[in-house]
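Report on one structure; see the data block that follows.
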Amino acid sequence: FTYCKTLQVAKNVKLPASVIGCNCKGSCENSRICSCAKLNGSDFPYVRRDGGRLIEAKDVVFECGPNCGCGPDCINRTSQKGLMYRLEVFRTPKKGWAVRSWDFIPAGAPICEYTGVLMRTEDVDNDSESDNNYIFDIDCLQTIRGLGGRESRPLMLARFGLVIAFHNPWLQIVANSVYNSLLDFWKLCQSKLAHPPRRLGDVSIPTVHNSDRPDDQRSESVPEFCIDAGSMGNIARFINHSCEPNLFVQCILSSHHDVKLARIVLFAADNIPPLQELSYDYAYTLDSVCGPDGKVKKMLCYCGAADCRSRLF
Ligand SMILES: C[S@@+](CC[C@H](N)C(=O)[O-])C[C@H]1O[C@@H](n2cnc3c(N)ncnc32)[C@H](O)[C@@H]1O
């Protein structure tokens with residue numbers, strides 16, 4: 001396969017035009033002014049700590065994009081900054097290749113985007129005898145259904161208090177910087193207490209047996225687009241499934257707002273010690289995968305988790 005850092009788009013897929021962005025300069029700081037922050041429920045989804053950490057798993061994260069006034073260091077472009085940790089591909093006895101980090105990874109840190117060829121699901125070669133194990137269905141609508149409510153944001157009054165307290169510009173800068181650190185810390189504590197890092201099993205495609213699902217819901221949930229990392233992709237294609245994963249999938253919209261074509265980015269669900277294998281929940285519905293002969297295919301799971309579901313599909 002060919003390594004590609006960014007998503008490639010198949011010829012018959014047309015990405016929507018870029019949306020109008022925010023008018024912020026440099027880095028987006030004020031969530032009451034930044035139009036991208038407003039799309040995230042009037043707050044930034046990330047804190048600055050450790051180079052940017054997602055506060056909690058969301059339906060969709062709206063990041064700043066090509067038409068925004070801010071620059072590449074904006075906190076609201078955290079998932080666009082490339083690899084932050086030294087990742088290693090290594091061989092496992094039963095699962096083929098796998099990925100681990102040489103560095104400690106804090107919960108909420110972005111790991112990598114899932115790159116490959118963005119294509120129509122109907123164009124995936126299902127008739128081929130050779131399995132393509134590197135297809136990622138873009139199924140954010142399922143993710144959205146699986147997520148609950150949002151946290152409240154009670155700190156705005158405190159910030160206003162600081163803003164009016166200091167008329168001296170230098171004091172104002174110091175106060176804002178102290179405030180931002182405290183705010184970051186508060187947000188992380190808040191998300192940990194009220195919303196412990198959610199694992200993909202909780203936030204993404206809920207495993208619903210086909211027989212339990214009404215027909216309309218079934219047809220509705222067939223994803224239109226997928227990312228094929230079989231011939232082109234990045235390190236994400238080597239990350240294995242686990243029934244008790246330490247990463248989760250986050251749908252991200254930055255240049256356009258079509259959720260069917262959202263970017264797929266993996267984030268740390270926990271603090272991850274160096275050399276622990278990275279994994280996410282592939283969240284297959286059992287008995288949902290069929291071979292070219294129409295027969296249901298089964299794949300055993302070797303994740304080793306105490307609550308392992310025994311099969312990937
Ligand atoms: C996206 S690839 C992951 C990288 C793959 N291990 C490799 O060597 O290239 C997905 C494939 O890895 C294997 N795999 C991933 N997680 C597994 C698990 N928990 N148990 C068994 N096989 C797994 C399966 O063959 C699956 O189809």
Side-chain angles (χ1 to χ4, degrees), residues 1-8 83 85-102 105 110-119 121 124-139 142-143 199-202 204-205 207 223 225-251 262-270 272 275-293 295-313:
F1 87 102
T2 309
Y3 198 92
C4 66
K5 287 185 181 173
T6 54
L7 201 62
Q8 313 296 303
L83 299 182
Y85 302 94
R86 292 175 298 169
L87 303 179
E88 177 188 52
V89 176
F90 69 102
R91 196 77 187 163
T92 64
K94 288 185 166 171
K95 298 178 291 185
W97 297 105
V99 179
R100 61 190 172 194
S101 166
W102 287 3
I105 303 177
I111 308 300
C112 57
E113 177 166 355
Y114 197 101
T115 73
V117 182
L118 176 64
M119 59 191 292
T121 313
V124 172
D125 186 6
N126 283 323
D127 297 333
S128 159
E129 282 299 316
S130 60
D131 285 339
N132 184 343
N133 293 326
Y134 303 95
I135 305 276
F136 194 113
D137 286 328
I138 304 178
D139 209 351
Q142 282 282 23
T143 310
R199 296 168 179 281
L200 179 69
D202 300 329
S204 189
I205 311 162
T207 306
F225 298 97
C226 65
I227 302 168
D228 179 359
S231 58
M232 294 184 111
N234 66 351
I235 194 148
R237 77 193 286 284
F238 294 111
I239 301 180
N240 287 321
H241 159 89
S242 173
C243 301
E244 202 179 312
N246 51 15
L247 308 182
F248 66 91
V249 175
Q250 178 65 63
C251 296
R263 292 168 52 233
I264 300 298
V265 181
L266 296 165
F267 284 82
D270 285 320
I272 306 172
L275 303 186
Q276 185 180 90
E277 183 182 343
L278 304 182
S279 59
Y280 61 98
D281 189 339
Y282 289 6
Y284 282 106
T285 301
L286 286 187
D287 297 334
S288 66
V289 179
C290 295
D293 55 1
K295 285 196 183 142
V296 168
K297 280 175 44 173
K298 300 184 178 188
M299 183 179 281
L300 294 180
C301 179
Y302 296 113
C303 75
D307 283 338
C308 175
R309 299 192 288 269
S310 313
R311 281 162 53 194
L312 264 78
F313 50 79

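Index from 1, following the sequence. One-based numbering, in listed order, for ligands and for the atoms of each. Bear in mind that the values here come from a model prediction, so they are computed numbers and not experimental data.
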Within a strict 4.5 Å, meaning less than it, do heavy atoms of the I264 and L7 side chains meet?
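No, their side chains stay 4.5 Å or more apart.
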Can you work out which protein residues put a heavy atom within less than 4.0 Å of ligand 1?
K95, G96, W97, N133, Y134, R237, F238, I239, N240, H241, Y282, M299, L300, C301, Y302, C303, L312
Return yes if some donor-acceptor pair links the side-chain N/O of [X] with the main-chain N/O of [Y] below 3.5 Å, else return no.
X    : Y    : result
N246 : E277 : yes
N234 : E113 : yes
D270 : I272 : no
T121 : F225 : yes

Qualifying residues under salt bridge (Lys or Arg N to Asp or Glu O under 4.0 Å), relative to K5, sequence neighbours excluded
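Checked K5 against salt bridge (Lys or Arg N to Asp or Glu O under 4.0 Å); zero matches.
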